[in-house]
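Atoms within a ligand are numbered from 1 in the order they appear, just like the ligands themselves.
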Amino acid sequence: MSVVAIVGAQWGDEGKGKIVDIYTEFAEVVVRFAGGPNAGHTLVVGDDKLVVRLLPSGILRPATLCVLGQGMVVDPDVLLGEIDELGRRGHVELGSRLALSDRAHLILPYHVLVDTLRETTAPAGRAIGTTKKGIGPAYEDKARRNGVRAGDLRHPARLRERVDAALAGWAPTIKSLGGSVPSAEALASALLASAPRLVPLLRDTSALVSESIKAGKSVMLEGAQGTLLDLDHGTYPFVTSSSAVAGGASVGAGIGPNRINTVIGITKAYTTRVGAGPFPTELGNAEGDHLREVGAEFGSVTGRPRRTGWLDLPALRYAARVNGFDGLALTKLDVLTGLSTLKVCVAYDTPEGRVNDLPLDLLDRPELMKPVYVELEGWQEKLESARVLDELPSAARAYIRFLEKETGAPVYLVSVGPRRSETIMLHNPFVGRAAAP
Ligand code: GDP
Ligand code: IMO
Ligand code: MG
């Protein structure tokens, strides 16, 4: 048995969906521990593609218990829509292997409204570029102790009181942003109409996960977003509102940190970011276009084109530090095929000299932090059919070795395409040895 946390090492969209799906073949339980429908985790099985937003990425493994942990914010309509979509795809048995924390907070229409109004009325340069899914306002309600929790769906009178209180809290903001305040009665009755489908899923998920661990089961803790979008450790204020780092796995799943055996960070072989905020290795040229087009870098949730850039090793070292990575999963290596020279940022030149760590306090002064690049040889061969390292061109193997040396973290897995089979598994923490993909 093993408990493994997987988190994004960059600004999200690193390929968490694919990697969690791969490793979940070896896990009995998978827990999403943070975030909400701002996430879009892509699963590709054969020719079928599914993007999950709230459901854990183990959902296509029929024997896996899928848990939405208490660190999440859950939009009931999005959740029911996802369950219906899976039902249409033939996964009708879903309810029996789905558990929703009764302590997860609900995203309600006024959160989505405030998020959208704020983004659309923000002065130039101040919009975060959020997904407009209500994430920030829902976590604000949680922090100011005025939220509605999934467990409130069991108690209609309490639910109505909570909705009234939350709406009273938001009404002045909604009015000041030019919006109209929704009716509490309509909101509460819509929620009560959904309750018969949601209440049967409610569990004390902390107890459930702890019991699974005690029973010797293998558990995957699935992060959302990425380290540089983390509320505490990211490029604040251009971040999300939850804990996206490995520390958040313990809080969001409701287990002690010492129960987690392995922490894996996922990084692309380059960097992307969607939304506003600093991105020191961003490219605005033909190489950036190559990464966007070959890597299909368009948001899974919003369809927005993702910003693209070279791999940023100081940022990756920083992510390794704040998460305590045991190993890395390297994704989208295939996307680099065709670039004759690859640049990798290894340090930053700052007024204090050359630094190897990400100078977070300078991120809003890009003129004071100049990326230092080394050039590595590119390759022209397609990588999708490689199943072992030796089948990769030597330049691709050198790229992986360089990454390991510079970050001090071993690469556990290399992904060379979106499909399950397009994977080179070097280490599987659930079985403690290399496994065939
Ligand atoms: P997540 O949010 O971290 O789960 O990542 P997304 O699903 O938002 O974005 C990753 C995208 O890259 C998806 O379209 C995946 O199907 C795709 N993908 C994952 N791994 C690979 C890979 O190794 N190569 C290529 N070409 N695509 C990949
Ligand atoms: P996955 O789990 C990439 C970004 C938004 C915005 C900022 C705040 O698929 O990797 P929010 O709606 O959370 O208040 O937006 O965070 N963002 C993501 N970017 N992948 C994600 O999730 C993201 N979730 C939020 O674009 O910049
Ligand atoms: Mg995504």
Side-chain angles (χ1 to χ4, degrees), residues 6-22 32-45 48-54 56-57 72-73 75 107 111-112 114-116 118-119 127-140 222-231 234-242 244 265-279 291 293-304 306-307 329-337 382-384 386 413-424:
I6 291 212
V7 298
Q10 300 170 310
W11 277 289
D13 301 326
E14 298 90 348
K16 294 175 291 292
K18 169 178 168 169
I19 306 307
V20 169
D21 173 60
I22 292 274
R32 251 287 294 273
F33 66 78
N38 47 350
H41 296 180
T42 311
L43 311 174
V44 180
V45 180
D48 265 0
K49 177 171 145 174
L50 175 72
V51 179
V52 286
R53 295 165 58 186
L54 290 168
S57 297
M72 291 187 72
V73 283
D75 184 322
I107 299 180
H111 296 129
V112 180
V114 170
D115 194 4
T116 307
R118 279 179 179 160
E119 283 290 304
I128 305 287
T130 74
T131 57
K132 299 184 184 155
K133 302 298 173 201
I135 306 298
Y139 279 114
E140 279 172 60
E222 174 184 2
Q225 290 77 53
T227 303
L228 296 171
L229 288 171
D230 178 88
L231 181 59
T235 50
Y236 192 88
F238 296 97
V239 293
T240 189
S241 301
S242 60
I266 307 192
T267 177
K268 285 181 192 178
Y270 50 95
T271 310
T272 63
R273 174 165 206 169
V274 59
F279 183 175
L291 297 174
E293 277 148 32
V294 180
E297 296 296 356
F298 296 89
S300 323
V301 171
T302 57
R304 293 178 289 178
R306 294 175 183 150
R307 301 156 65 192
L330 176 65
T331 60
K332 304 193 96 160
L333 190 63
D334 54 297
V335 176
L336 298 183
T337 290
K382 290 205 168 297
L383 308 187
E384 284 80 351
L413 180 154
V414 181
S415 175
V416 290
R419 294 188 167 79
R420 282 175 174 168
S421 59
E422 292 164 335
T423 305
I424 301 172

**OP:** Could you tell me whether ligand 1 has any atom less than 4.0 Å away from a heavy atom of Arg306?
**Re:** yes
**OP:** Measure the distances from the heavy atoms of Gly417 to every atom of ligand 1 and state whether one is below 4.0 angstrom.
**Re:** yes
Between [X] and [Y]: side-chain donor-acceptor atoms closer than 3.5 Å:
| X | Y | value |
| --- | --- | --- |
| Thr42 | Lys49 | no |
| Thr131 | Arg304 | no |
| Thr272 | Asp13 | no |
| Asp230 | Gln225 | no |
| Thr423 | Lys18 | yes |

Subject >> Step-by-step side-chain contact (heavy atoms from CB on, under 4.5 Å) determination, Ile424 to Leu413 >> reply: CA-CA 6 Å; Ile424 301 172; Leu413 180 154; over 6 Å; no
[X] contact mode with ligand 1 (heavy-atom cut-off under 4.0 Å):
| X | result |
| --- | --- |
| Ser415 | both |
| Ile266 | neither |
| Asp334 | side chain |

Would one find an N or O of [X], backbone or side chain, under 3.5 Å from an N or O of ligand 1?
| X | result |
| --- | --- |
| Lys49 | no |
| Gly17 | yes |
| Gly12 | no |
| Gly15 | yes |
| Thr331 | no |

**OP:** Report the nearest protein non-hydrogen atom to atom 2 (O) of ligand 1: residue, atom name, distance rounded to 0.1 Å.
**Re:** Gly40 O, 2.9 Å
Original post:
Excluding waters, which protein N, O or S atoms are within less than 2.8 Å of the Mg ion (ligand 3)?
Top reply: Asp13 OD1, Gly40 O
Going by the atom numbers of ligand 1, which of them fall below 4.0 Å from some non-hydrogen atom of [X]?
| X | answer |
| --- | --- |
| Ser300 | 6 (P), 7 (O), 8 (O) |
| Lys18 | 20 (N) |
| His41 | 1 (P), 2 (O), 4 (O), 7 (O) |

**OP:** Any chance you could measure Thr235, atom OG1, to Trp11, atom CH2, to the nearest 0.5 Å?
**Re:** 6.0 Å
Original post:
Atom CD in Glu293, atom CZ in Phe298: separation rounded to 0.5 Å?
Top reply: 6.5 Å
Subject >> Expected output: side-chain Lys133 to main-chain Val112 donor-acceptor under 3.5 Å >> reply: no
Is any side-chain N of the basic residue among [X] and [Y] closer than 4.0 Å to the acidic one's carboxylate O?
| X | Y | answer |
| --- | --- | --- |
| Arg273 | Glu297 | no |
| Arg420 | Asp21 | yes |
| Lys382 | Glu384 | no |

Subject >> Residues in the immediate environment of ligand 2 (any heavy atom closer than 4.0 angstrom) >> reply: Trp11, Gly12, Asp13, Lys16, Asn38, Ala39, Gly40, His41, Ile128, Gly129, Thr130, Thr131, Ile135, Ala224, Gln225, Leu229, Val239, Thr240, Val274, Gly275, Arg304
Subject >> Side-chain heavy atoms of Pro137 within contact of Arg118, under 4.5 Å >> reply: yes
